[in-house]
Amino acid sequence: MASASATSLCRFQTFQNQPIKTCQVTKTSSSIKLVSNGWANSGFSSLRISRLQICCAAKPETVQKVVEIVRKQLALPPESEVSPDSKFALLGADSLDTVEIVMNLEEEFDISVEEESSENISTVQEAADLIEKLIEKKSAA
């Protein structure tokens, strides 16, 4: 299962720029946990500042396995650097290589990747995150 964390900091303000609500939300797994919530004045509000940052990180062993599969498919030498942020295209992959990488990932992790999802995979991290998501979904079914 991928570990996920998200924090949302938002401030709602009235038309007079008086803050009426501030909140911080943290997500650590499949449920959202409200960390803090404060109310001040009431009135009509408009959203002035809203920031949501989500960071999902697949397990290191999943990332490492994806790196190994990419390295093998593209016949990369051991000294070439392949990191989670490595883009398949910059590593020399064409569209056929990317399809074959996805097929190898499906076989290795016993998952099925939808065509729409496979089109959105361009980095090692994106592939690893998708694998974690599909494994979690499969185990929940």
Side-chain angles (χ1 to χ4, degrees), residues 1-15 17-141:
M1 175 171 48
S3 63
S5 77
T7 300
S8 175
L9 299 173
C10 49
R11 183 175 63 200
F12 298 87
Q13 298 177 333
T14 63
F15 289 105
N17 284 337
Q18 298 295 320
I20 63 163
K21 180 180 181 187
T22 59
C23 63
Q24 180 177 358
V25 178
T26 301
K27 178 178 170 55
T28 54
S29 63
S30 61
S31 61
I32 293 181
K33 174 180 154 188
L34 185 60
V35 174
S36 65
N37 186 12
W39 289 90
N41 301 329
S42 62
F44 294 103
S45 63
S46 62
L47 180 63
R48 290 290 203 219
I49 299 172
S50 181
R51 182 174 162 221
L52 177 64
Q53 181 178 20
I54 300 175
C55 176
C56 298
K59 291 186 236 176
E61 56 268 22
T62 303
V63 174
Q64 185 56 41
K65 191 53 132 170
V66 173
V67 167
E68 291 171 14
I69 290 170
V70 169
R71 197 179 288 284
K72 181 179 177 186
Q73 177 62 40
L74 301 178
L76 297 173
E79 64 274 3
S80 64
E81 184 180 337
V82 181
S83 70
D85 295 326
S86 296
K87 293 188 178 288
F88 298 152
L90 294 177
L91 294 172
D94 59 18
S95 59
L96 180 58
D97 288 320
T98 303
V99 168
E100 290 179 1
I101 288 169
V102 171
M103 289 171 55
N104 288 329
L105 294 172
E106 288 178 323
E107 185 177 324
E108 177 67 32
F109 292 97
D110 192 30
I111 56 171
S112 179
V113 179
E114 299 288 328
E115 187 175 340
E116 305 86 48
S117 297
S118 67
E119 292 172 356
N120 295 325
I121 300 173
S122 63
T123 68
V124 170
Q125 187 67 55
E126 290 170 353
D129 290 343
L130 179 61
I131 289 164
E132 295 284 344
K133 178 182 166 188
L134 292 173
I135 290 172
E136 184 177 326
K137 188 177 181 180
K138 184 178 177 181
S139 66

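Everything quoted here is computed from the prediction, not taken from an experiment.
In this structure, CZ on Phe88 lies 6.5 Å from OG1 on Thr98, to the nearest 0.5 angstrom. Rounding to the nearest 0.5 Å gives a distance of 12.5 Å between CE of Met103 and CD1 of Ile69. Once rounded to the nearest 0.5 Å, the distance linking CG of Leu76 with CG of Leu91 reads 6.0 Å.
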Asp129 and Gln125: CA distance, side-chain angles, deciding distance, side-chain contact (heavy atoms from CB on, under 4.5 Å) verdict: CA-CA 6 Å; Asp129 290 343; Gln125 187 67 55; 2.8 Å; yes
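Closest approach of Ala127 and Val66 over heavy atoms only: CB-CG1, 4.0 Å.
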Distance-only check: which donor-acceptor pairs under 3.5 Å involve side-chain atoms of residues 110-121, not counting sequence neighbours?
residue: Asp110; atom: OD2; partner: Lys138; partner atom: NZ; Å: 2.8
residue: Ser118; atom: OG; partner: Glu115; partner atom: O; Å: 2.8
residue: Asn120; atom: ND2; partner: Glu116; partner atom: O; Å: 3.2

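The list of salt bridge (Lys or Arg N to Asp or Glu O under 4.0 Å) pairs with a residue in residues 87-99, not counting sequence neighbours, is empty. Among pairs with a residue in residues 62-77, those fulfilling salt bridge (Lys or Arg N to Asp or Glu O under 4.0 Å) read Lys65-Glu68, Lys65-Glu108, at least two apart in sequence or across chains. The salt bridge (Lys or Arg N to Asp or Glu O under 4.0 Å) analysis of residues 73-86, with sequence neighbours excluded, yields no pairs.
Contact annotation: the side chain of Gln64 never approaches that of Pro60 to less than 4.5 Å [non-hydrogen atoms, C-beta and beyond].
Taking Glu100 as the reference, Gln73 meet the side chain to side chain donor-acceptor pair (under 3.5 Å) condition, with sequence neighbours excluded. In this structure Thr62 satisfies the side chain to side chain donor-acceptor pair (under 3.5 Å) test together with Glu132, sequence neighbours excluded.
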